[in-house]
*Asks:* 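Can you read through this structure? Questions will come right after.
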Amino acid sequence: MNLKKKLSIFTTLAVLQAFAVGSVNAQSAPQDDTASVNTAKVESVEVLKKEQTIAESEVKTGSSNASSSIPSTKGKETGTLTGTESTPKTNIEKSAIDGGETTTKETSTGSTTIQDGSTEDVETPATPAQIEQPSIDGNSAVASGGNLTLYMNSNKMEQDGNTYLAGQPMTVKNGVSYVAIRALVDRVGYGVKYDNKTKETIIISGDNELRFKTNSTVYTVNGESRTMKGPAYQQKNTFMVPLTSITQALNITYKVNQSAKTVVLNLNTKPVASFVISQKEIFAGDKVDYVTSSSSPNGLDILDERWTGRQESFDQAGTYTISYQVQDSNGQWSDPYSMTIQVLNPNLPPVAMFTTDKEQYKMGEKITYIDQSTDDENSIDKTVWENNSLAFFEPGPKTVTLTVTDNHGATDTYSKVITITNETLYSFSDFNLLFTPVGQKFTFNGGEVTSMEKVPYTYTDEPSLLIRSNSPETVNTEGIVYKESSSGQTRFMIHHVNNTGKRVKMYVIATNNNSTPAVFEQQNMGFAGPTPYATVAGKLSIDKWFKSIQTGADQKKEVIQPGESKLILTELNKTPMKEGQVISLYSDAYSDYSLDYNVILVEENKDPFEALPMLPVLDRDGVHNRGTYPNATRIITYDQQVGAKPARLPLGDNSSDPNLVGTDPMAYTDASNAGNFGVLYKITLNNVAPRTLISFNPRGGKYSGVALVNNQVVPIADGNVAVSNSSEQSVLYRTGAYGESVTILFSAAPGSNLPVSLLFTPLPSEK
């Protein structure tokens with residue numbers, strides 16, 4: 001045997017003998033292992049707390065010096081905040097929060113002595129680094145799980161009631177806390193090996209790899225370089241690494257117990273399993289779509305799964321509990337993830353059915369349709385009628401069809417044939433006057449309207465300043481579309497189309513240039529859009545405005561300090577306008593001091609306050625109207641009887657109802673409010689004759705809007721239908737057998753045409 005080999009054997013025997021003696025001493029005198037000078041313990045605690053605070057700050061601010069945790073190879077990514085409670089989405093790794101404790105992480109390394117005195121793998125110490133390595137294949141002892149307690153200034157570790165010893169005690173060097181990496185990694189359950197070529201200690205977690213080098217502050221995570229608080233170093237053949245760096249990298253949560261001088265690491269390494277069922281509702285007999293998710297805190301592969309209660313489909317309705325578990329490559333099973341589901345009886349299609357009050361009718365006789373459709377869940381979402389006229393005016397068989405659709409998309413159709421005789425009960429005209437529902441329209445001879453007497457009404461005005469921003473209606477570039485100052489009662493009417501080729505927003509900016517605070521009160525709000533359809537935006541804005549007047553739900557109050565600017569009427573700027581889209585706004589407001597208002601249009605991402613000083617004032621388009629108009633609320637009270645004979649009450653005609661006169665403050669010219677858009681009419685008819693039809697008739701073209709009749713919102717006309725021309729009228733109200741007082745609130749809807757007339761027609765006798 002050569003000398004070199006003899007020396008090697010001698011050295012090995014000496015090391016084993018020394019190690020065995022150390023093991024006995026460690027067990028017989030545990031107090032010696034944990035004993036240290038009190039000042040050293042205090043120093044360790046303070047260093048840990050300082051490092052913990054720095055680590056937390058780095059993680060929160062994204063510092064490049066903060067070591068990131070290793071991501072799992074499966075399932076959802078979970079984040080860990082070093083030094084604080086870690087709350088991943090899977091909810092499986094939470095640090096305990098005890099009084100006076102803060103979270104910390106730590107690693108141990110080196111040979112470990114088990115409580116029974118046996119030793120783990122120890123190689124002949126050819127090099128200090130090799131002492132820290134496990135077997136050649138890189139597999140380490142599987143951790144027991146649960147918490148691992150490290151003692152400051154000691155090599156003692158406790159886990160699951162057992163005591164283990166690290167190669168070197170946890171220590172402070174140059175203000176940095178260090179731990180023995182091998183002992184900690186063994187307890188965590190990761191693999192450790194040594195790369196002789198690169199002289200690096202390697203930690204393996206599933207497909208992830210950490211590399212450390214002696215005397216270097218740089219380590220790598222999957223090839224990405226990270227910086228530690230201090231350099232790794234060798235101490236008596238034990239590889240020491242900064243505590244906070246390794247715990248961040250290994251995704252280990254921890255807490256520091258200052259009074260006990262311990263660091264407690266949470267080593268819960270169970271994988272996590274969960275699943276969802278993609279169907280919102282599960283019906284018996286239908287295939288169930290399970291979508292699983294699984295992950296490992298250590299990044300280990302998920303190799304197996306098991307279910308309890310899973311079925312590809314459930315034959316019977318009822319309540320079922322399903323559980324799911326997964327197993328990682330270390331053989332550890334997750335806790336069961338359970339879900340209780342309700343399996344419903346299979347959906348049955350709805351049943352379409354209707355009856356009529358009779359089987360045959362005279363021409364012009366009202367038909368009553370009684371919908372008797374049913375659904376097993378009472379969820380019919382859509383009802384479509386075909387040929388269900390209120391009356392027919394030609395004799396013969398008439399087929400009426402009803403189709404219903406439930407909330408699952410199942411449909412059913414039913415048809416019924418009714419017979420129309422050769423007898424006539426009502427003419428077409430009389431029938432419509434009597435039976436057309438409120439809010440719906442019918443056709444008539446519109447030429448008769450001009451021969452009706454005008455109601456000789458007079459009006460008074462209420463103080464209310466109208467700011468009408470409607471020109472340029474189609475806005476081609478960024479800019480200020482309106483500028484004005486106002487105090488007291490103010491009404492805003494804003495109606496514009498985006499033609500800039502960009503996504504834009506509109507804003508109203510109020511500025512207080514007084515020396516005292518000003519109060520701005522939004523009293524009501526009617527806003528619609530953005531939409532490609534001007535008539536839709538106009539009708540909806542009036543509809544919402546009247547409903548807001550009814551309920552008072554949109555009232556707001558802002559205090560604007562001297563020199564301050566604020567956004568008001570903010571419904572306007574909630575949603576960007578695409579190219580070709582329209583917005584429409586009606587709102588009444590009040591301010592106790594004069595405020596300067598700017599209505600602007602800018603690109604959606606621009607700050608309106610920064611953009612305002614640079615914006616040009618846009619010119620009028622020469623077609624549409626803009627202006628500031630006083631006295632924008634007209635009060636019409638008429639005490640004489642109406643309805644005993646046909647009559648009309650014109651609005652917006654610039655004759656019986658003259659245009660408001662005002663100014664264009666940006667063009668410095670007079671302005672006339674053609675059509676009186678933005679004017680609120682409060683019409684009180686104190687003596688409407690018995691059996692009178694009050695209807696709405698457009699005289700200037702297509703009209704779509706609403707009116708408030710006796711405090712009820714009435715469409716003109718119902719749904720998406722408009723009154724198209726002067727030969728159509730929409731029903732607003734019918735009086736009964738006695739005379740009545742009727743109140744109508746009306747304002748012209750943007751996008752529609754003026755003038756219009758309210759018609760008062762005596763009803764024919766009922767048969």
Side-chain angles (χ1 to χ4, degrees), residues 461-471 478-496 504-527 545 548-549 552-574 583 585-603 605-620 626-633 660-671 673 678-680:
D461 295 322
E462 280 186 358
S464 181
L465 189 70
L466 171 64
I467 294 175
R468 182 180 176 187
S469 179
N470 189 210
S471 184
E478 293 180 300
I480 300 171
V481 294
Y482 210 88
K483 289 175 65 72
E484 186 54 281
S485 299
S486 175
S487 63
Q489 199 66 38
T490 305
R491 180 173 304 133
F492 293 86
M493 178 203 161
I494 302 171
H495 185 81
H496 292 283
V504 297
K505 282 187 175 183
M506 294 201 72
Y507 299 88
V508 181
I509 299 175
T511 302
N512 180 11
N513 287 317
N514 303 290
S515 58
T516 57
V519 176
F520 175 85
E521 298 179 19
Q522 176 181 300
Q523 297 168 332
N524 47 57
M525 170 58 64
F527 174 75
W545 183 43
S548 181
I549 291 172
D554 299 296
Q555 295 179 359
K556 299 179 183 178
K557 183 180 289 187
E558 295 275 1
V559 177
I560 306 177
Q561 299 298 326
E564 184 182 18
S565 293
K566 279 191 174 182
L567 296 179
I568 59 168
L569 312 180
T570 52
E571 288 80 357
L572 185 68
N573 56 266
K574 282 184 178 178
I583 55 89
L585 179 144
Y586 263 75
S587 182
D588 289 300
Y590 178 85
S591 63
D592 57 354
Y593 287 93
S594 179
L595 294 172
D596 296 335
Y597 301 110
N598 282 277
V599 184
I600 68 171
L601 182 143
V602 294
E603 288 188 46
N605 295 321
K606 287 189 177 179
D607 185 305
F609 298 106
E610 294 179 359
L612 178 60
M614 308 300 294
L615 293 175
V617 175
L618 302 183
D619 292 333
R620 296 177 292 179
R626 76 180 183 191
T628 302
Y629 302 101
N631 302 320
T633 298
L660 288 179
V661 175
T663 59
D664 181 338
M666 296 175 288
Y668 306 103
T669 62
D670 293 336
N673 188 13
V679 174
L680 175 62

*Asks:* Are Tyr590 and Phe520 close enough that their ring centres sit under 6.0 Å apart?
*Replies:*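 Not under 6.0 Å, so no.
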*Asks:* Which one of Thr628, Asn598, Thr490 satisfies the side chain to side chain donor-acceptor pair (under 3.5 Å) criterion with Glu484?
*Replies:*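 Testing each of Thr628, Asn598, Thr490 against Glu484, the sole residue satisfying side chain to side chain donor-acceptor pair (under 3.5 Å) is Thr628.
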*Asks:* Under a 3.5 Å distance rule, please check whether Arg491 uses its side chain to pair with a backbone N or O of Ala632 as donor and acceptor.
*Replies:*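 Side chain of Arg491 to backbone of Ala632, a donor-acceptor pair under 3.5 Å: yes, one is there.
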*Asks:* Quick check for you: to the nearest 0.5 Å, what is the distance between Leu569 atom CG and Ile494 atom CD1?
*Replies:*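 Atom-to-atom, Leu569:CG and Ile494:CD1 are 6.0 Å apart.
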*Asks:* Pairs under 3.5 angstrom only: tabulate donor-acceptor contacts from the side chains of residues 554-561 to other protein residues two or more places apart or in another chain.
*Replies:*
residue	atom	partner	partner atom	Å
Asp554	OD2	Ser548	OG	2.8
Lys556	NZ	Glu571	OE2	3.1
Glu558	OE1	Lys566	NZ	3.2

*Asks:* Check Met493, His496, His495 against Ser469 for a side-chain contact (heavy atoms from CB on, under 4.5 Å) and give me the one that passes.
*Replies:*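 Going through the options one by one, the only one that passes is His496.
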*Asks:* Could you measure the distance from the CG atom of Asn513 to the OH atom of Tyr593? Nearest 0.5 Å is fine.
*Replies:*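 If I round to the nearest 0.5 Å, the distance is 14.5 Å.
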*Asks:* Verify, without hydrogens or angle tests, whether Thr633 (side chain) and Leu680 (backbone) share a donor-acceptor contact under 3.5 angstrom.
*Replies:*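 No, Thr633 side chain to Leu680 backbone: no donor-acceptor pair under 3.5 Å.
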*Asks:* Specify the closest pair of heavy atoms between Ile467 and Tyr597, including all atoms of both residues, with the distance to one decimal.
*Replies:*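 Taking every non-hydrogen atom into account, CD1-CD1, 4.1 Å.
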*Asks:* Restricting to non-hydrogen atoms, name the atom on Phe527 and the atom on Leu572 that form the minimum distance, rounded to 0.1 Å.
*Replies:*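 Heavy atoms of Phe527 and Leu572 come nearest at CE1-CD1, 3.7 Å.
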*Asks:* What residues form a side chain to side chain contact (heavy atoms under 4.5 Å, CB included) with Glu478, not counting sequence neighbours?
*Replies:*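 Only Val602, Glu603, Lys606, Leu615 meet the side chain to side chain contact (heavy atoms under 4.5 Å, CB included) criterion with Glu478.
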*Asks:* How many angstroms lie between atom OH of Tyr482 and atom OG of Ser471, to the nearest 0.5 angstrom?
*Replies:*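 The OG atom of Ser471 is 10.5 Å from OH of Tyr482, to the nearest 0.5 Å.
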*Asks:* In Å and rounded to the nearest 0.5 Å, what is the CG to CG distance from Leu612 to Asp607?
*Replies:*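 If I round to the nearest 0.5 Å, the distance is 10.0 Å.
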*Asks:* How long is the gap from CD1 on Ile549 to CE on Met525, to the nearest 0.5 Å?
*Replies:*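 Ile549 CD1 to Met525 CE: 12.0 Å, rounded to 0.5 Å.
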*Asks:* Quick one: does Asn514's side chain have a donor or acceptor within less than 3.5 Å of a partner on Ser594's backbone?
*Replies:*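 Yes; judged by distance alone, with no hydrogens or angles, the pair exists.
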*Asks:* For the residue pair Met666 and Leu618, establish whether any side-chain heavy-atom pair is separated by less than 4.5 Å.
*Replies:*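 No, every pair of side-chain atoms sits at 4.5 Å or beyond.
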*Asks:* Spell out, as yes or no, whether a donor-acceptor pair under 3.5 Å connects the side chain of Asp588 to the backbone of Gln523.
*Replies:*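 No.
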*Asks:* Any donor and acceptor pair, going by atom type alone, linking the side chain of Tyr507 with main-chain N or O of Leu567 inside 3.5 Å?
*Replies:*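 Side chain of Tyr507 to backbone of Leu567: no pair is present.
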*Asks:* To check you understand the geometry: which heavy-atom pair defines the closest contact between Ala671 and Tyr629, and what is its length?
*Replies:*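 Here Ala671 and Tyr629 meet closest at CB-OH, 3.3 Å.
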*Asks:* Working note: Asn673 + Val679, criterion side chain to side chain contact (heavy atoms under 4.5 Å, CB included); need CA distance, chi angles, decisive distance, verdict.
*Replies:* CA-CA 9 Å; Asn673 188 13; Val679 174; 4.1 Å; yes
*Asks:* Which atoms form the tightest heavy-atom contact between Asp619 and Arg626, and what is the distance?
*Replies:*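 The pair with the smallest heavy-atom distance is C-NH1, 3.9 Å.
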*Asks:* Determine the minimum heavy-atom distance between Ser487 and Ser591, stating which atoms define it.
*Replies:*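 So the minimum-distance heavy-atom pair works out to CA-OG, 3.4 Å.
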*Asks:* Write down the atom of Pro630, the atom of Gly662, and the distance for their closest heavy-atom approach.
*Replies:*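 Closest pair (atom of Pro630, atom of Gly662, distance): CD-CA, 4.5 Å.
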*Asks:* Is there a donor in the side chain of Asp596 and an acceptor in the side chain of Ser485, or the other way round, less than 3.5 Å apart?
*Replies:*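 Short answer, yes.
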